[in-house]
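Everything numeric in this text was worked out from a predicted model, so none of it was measured.
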Amino acid sequence: MGALYTLRATLRSHAVEARPTSRPQRLASLAPGLQRWFGDSQLVLSTCLSITAIAAVTAGVEYSFFVNVKHKFHDQATVMRYVSSVLVVTYLLAMIFKMLLTQKALEQVGIRRMLVALPAALLAGLLLFGGLWLVGSDDSVLLLYFYGLYLGLEVLRRAVFDPVFLVLFQPLSPPERLRAHTRAKGFYEPLGMALGGFLLFALHDLPGLNEWAPFVWMSLFAAGALFFLHRTYDHYMAELQHALGRRFGGSAETVVVTSEFLAEDQLPASPAEVQALIEALEDRTQRRAATAQLLQLSSTVLPELIQTLESPAASDALVRRVAQLCARQSVPSSREALVALARRPNLHQRETALRALRHLEQVETDAPIFQGLVQEEMRLAQQLLQGIAAFSHDELRRCLSYELAKGQQRIFGLLFQLYPPHIIADAQRGVDHAARERQANALEILDNIIPRSLYQGLQALLDVAPVAEKVRVFDRLLGPLSQPARVVPFIIEQGEAAFSDWTISVALRHWHAEPHTIKQLLPYIHSSNYLIRESAFFVLKKLSERQPELYEQLTDAEPALPALLMSHTHATTATISARDRVHVLQQTALFAETPENVLSSIVPIMREVSFRDGQQIFAKGDLGTSLFIVYGGEVGIFNGTQHLTTFRKGDFFGELALLDAEPRSASAVAQGEVVAFRLDQEDFYDVMEERSEVLRNIMKVLCQRLRRQNEKMQTQAPLSNPA
C-alpha cells in the first residue's frame, strides 16, 4: 500500500522535461481498462506481469532458505554468522559478475537469452527440489541446495536480470518510460512479494502441504515469468521498430524519374536508337527526355541496358542511371544484371547495384552470393581498422574512417537482400542517427535477425572504443589477417575501383614507391580524375628529384612521361590546384562539416574567375544561378549606394542561387583584384545527385542561418514596439 501511495504521488508531482517526439498510434494497443495501469504499451503489461511473478518466487526462495537455516542451526549467534557469511559471498559474487562479466555476457549471448536466464534457472532449480524430496535427502543436503538456489537467484537477479531490465523501456517516450519504471519496480515488484508472502502464510498451518506445495506454486510462477519474458522481448522489438521506424521520417529511397512522354509512334525501336538514348543520359540537356523514352520502351531495352552495365568503358554516373532504369523492370534478367554488377570488385558500382536492388523483390537463391559479399566487406573493414590503428597521420585516418563508413553502408545494402527490408531500413536510419541511444536501439533490432558475429562487427564499428579494441573484435570474429598489408600500399594496389579519389590522392602523397611497385603509378598518371592525376604527378616529380633510378625505370616503361610532367607543371602554375580547392571549400562555413572525400566531387565544377577593381560581379535584380567563394581579394555587397557587408578570403555569397534561381537581392562589386570560384546551379545539381551529403550539409547551414535570423528578429521586436 505504501508503494501504491508513493507511485501515485510520484506521477502527480514529477514534471518530465524531455519532450516526447510525435509518434503514430500503435497498431496493437491495450484495452481501455488496462491502459489506466499499464499505459498503451503491451511491453509494459508483459514486463510488469513477469516482474510480479519473479518477485513472488524470490520471496518464496528467500523464505525457504532462511527457514532451513533456522532449522539447521538453533543457536541465534550461529544463525547470524552463517547468514551474514552467505550474504557477503552472494553480494560479492554479484558485484564481481556485474563489473567483469555482465557486458561481455550481454554481447555474446544477447538480450533475449539474458532476459530469460533468471526464470529458466529458477525453474530448473525448483524442479531439482522435486528429485531431492523424492529420494529423501537429509537436512545437510537440503541446506546446501537452498544455499545454492539462493546464491544463484541473487547473482542472476542483480548481475543479469536487473541490468537488462533497465533497457527494456528505452524505446518508450520519456513520460511512458517514467511511468513504466515506477510501476514495475515501485508497485508490481512489491505486489509480487506480497503475493508470495500470502501464499506462504496460507500454507503455513498445513504441514502436509507446507513441505512441497510452495515449490509447486513457485515452479508455476517461474514458468509464467518465463512465458511473459518471452513475450516481453517480442514487444520490446516491436517498440524498437515503432520508435525507430517513424522517428526519423521517410521511407527507403525510391527511384523517381519524370519527363515529357513522347507519342507512341515517336518511340525508337532499333538497337542503335536505343543506344543513342542511353548515351544521351550523360547529356544534361537530353537526360530527362531520354529517361522518359527508355521507361516507355519498358523491357524491350533491357538487352542494351544490360550491355551498358557490363561495359568497362561506362562511367560510374552512366552506370548509376542505367541501374536505376533496370530497377524499374521487374523481370529476372534485370535482377540478374544488377546482382552481377554487385559482385564486381568495383565497390562504387556495387553500391549503385545495391541501391537499385532495393526496389526489386528478394530471391532466396541469391542469398549465398550476398552472404559472401558481406564477408568481403567485413574483411575490408578489418583491413581499414588496422590501417587506422597503425597510421598516425590525421588526414589519412579521416580518409580511412570515411571509407569505413561507406563500407558500413554497403553492408546494410547487402542486408536488404538477405532479411526483411523494412526492418533493415529502420535499423539503418537509427544507426545513422547521431544519438548513441538511437544507434543502440537500431543495433538491437538487428541482433534478433542477423548472425551474432555480424552483429558484433557492426556494433564494434559504431562503438566509441579505441581503434585497437575494434581491431581485436574483428580479429576474434574473422580471425587475424594472414598477411596484414600496409594501408598505403593496399590503397594504391586497390585503386579507384575500391576507394574515393581523395583517399587515393592522400595515399599517393604518403606512398613510398619500390622497384617492384613503381609501375602501379602509371594508371594514376593517366586517370581521368584531375585530383588523382595531380597527386600522381606530385609523386612523379618527387621521384625525379629524390629517386632518379626509380624515375628512369618508370620512363623506360612510359617514354612520354617527361613531356607529360613538364606540361602538367606548366598547367598547374597557371591555376589553383585541385587539392587547394578542396581546402578552400573546407574553410567555408557552407562546407566546413563536409568530409574532404565528398568535397573532392565539387572540385571539377569549380570555375576559377577573376575580377578587376570596381568590376561588378552581379547586379541587384539579376537572375541568380551561381554561388561564389572568395579565394583572394575583397567583394563588397551593395543595395544601391548602401554598403551592406564585405566578403574576404574563405567567405561565400549567392548560396541561395544553388537551390533556387531567383533575382539577386543586392549587387556584388570587386574591391581590388579578386580571385574567386564560381559554382553554377546546373553543375551543382549533378553533384548533389551523386553525393547527397553535399545537399544535406547545405540545407543544415541554411537552416542555421534562418534560425539565427529568426532569433535576431525576435530579440529586436520588443525594442521596435515598446507597447
- Message: Tell me the closest heavy-atom pair linking Met193 and Ala59, and the distance in Å.
- Response: O-CB, 4.1 Å
- Query: Is there a donor-acceptor pair closer than 3.5 Å between any side-chain N or O of Thr47 and the backbone N or O of Val44?
  - Reply: no
- Residues passing the ring pair (Phe, Tyr, Trp, His ring centres under 6.0 Å) test with His181, sequence neighbours excluded, are Phe165, Phe169
- Task: Could you pull out the closest heavy-atom pair between Cys399 and Asn597, with the gap in Å?
- Result: CA-OD1, 4.0 Å
- Return the set of residues passing ring pair (Phe, Tyr, Trp, His ring centres under 6.0 Å) with Phe474 (not counting sequence neighbours), or none when no residue passes. none
- Query: For residues 404-420, which residue pairs qualify under salt bridge (charged side-chain N to carboxylate O under 4.0 Å, His left out), counting only residues two or more places apart or in two chains?
  - Reply: Glu351-Lys406, Glu377-Arg410
- Output all residues satisfying side-chain hydrogen bond (donor to acceptor under 3.5 Å, both in side chains) with Thr232, sequence neighbours left out; order by chain, then residue number. Ser46
- Can you name the side-chain hydrogen bond (donor to acceptor under 3.5 Å, both in side chains) partners of Arg158, sequence neighbours left out? Glu154
- With sequence neighbours excluded, what pairs up with Tyr147 under the ring pair (Phe, Tyr, Trp, His ring centres under 6.0 Å) test? none
- Show the numbers, then the answer: is there a side-chain contact (heavy atoms from CB on, under 4.5 Å) between Val473 and Leu385? CA-CA 11 Å; Val473 171; Leu385 284 171; over 6 Å; no
- Within the side chain of Glu469, is there an N or O that forms a donor-acceptor pair under 3.5 Å with the backbone of Val464? no
- Just jot down the ring pair (Phe, Tyr, Trp, His ring centres under 6.0 Å) partners of His393, sequence neighbours excluded, or say none. His510
- salt bridge (Lys or Arg N to Asp or Glu O under 4.0 Å) involving Asp475 - partner list, sequence neighbours excluded: none
- Task: Please work out which of the three classes, parallel, tilted or perpendicular, describes the rings of Phe221 and Trp217, given edges at 30° and 60°.
- Result: perpendicular
- Message: Applying side-chain hydrogen bond (donor to acceptor under 3.5 Å, both in side chains), can you list everything that pairs with Gln417, at least two apart in sequence or on another chain?
- Response: Arg335
- Message: Going by salt bridge (Lys or Arg N to Asp or Glu O under 4.0 Å), name the residues that satisfy it together with Glu376, two or more places apart in sequence or in a different chain.
- Response: Arg350
Distance-only donor-acceptor hits, side chain of residues 82-90, under 3.5 Å, sequence neighbours excluded:
| from | atom 1 | to | atom 2 | distance (Å) |
| --- | --- | --- | --- | --- |
| Ser84 | OG | Met80 | O | 2.9 |
| Ser84 | OG | Arg81 | O | 2.9 |
| Ser85 | OG | Arg81 | O | 2.8 |
| Thr90 | OG1 | Val86 | O | 2.7 |

- Query: Heavy-atom distance under 4.5 Å between the side chains of Ile51 and Phe187, does that happen here?
  - Reply: no
- Just say parallel, tilted or perpendicular for the rings of Phe129 and Phe215, cut-offs at 30° and 60°. parallel
- Task: Applying side chain to side chain contact (heavy atoms under 4.5 Å, CB included), name anything that partners Ala202, two or more places apart in sequence or on another chain.
- Result: none
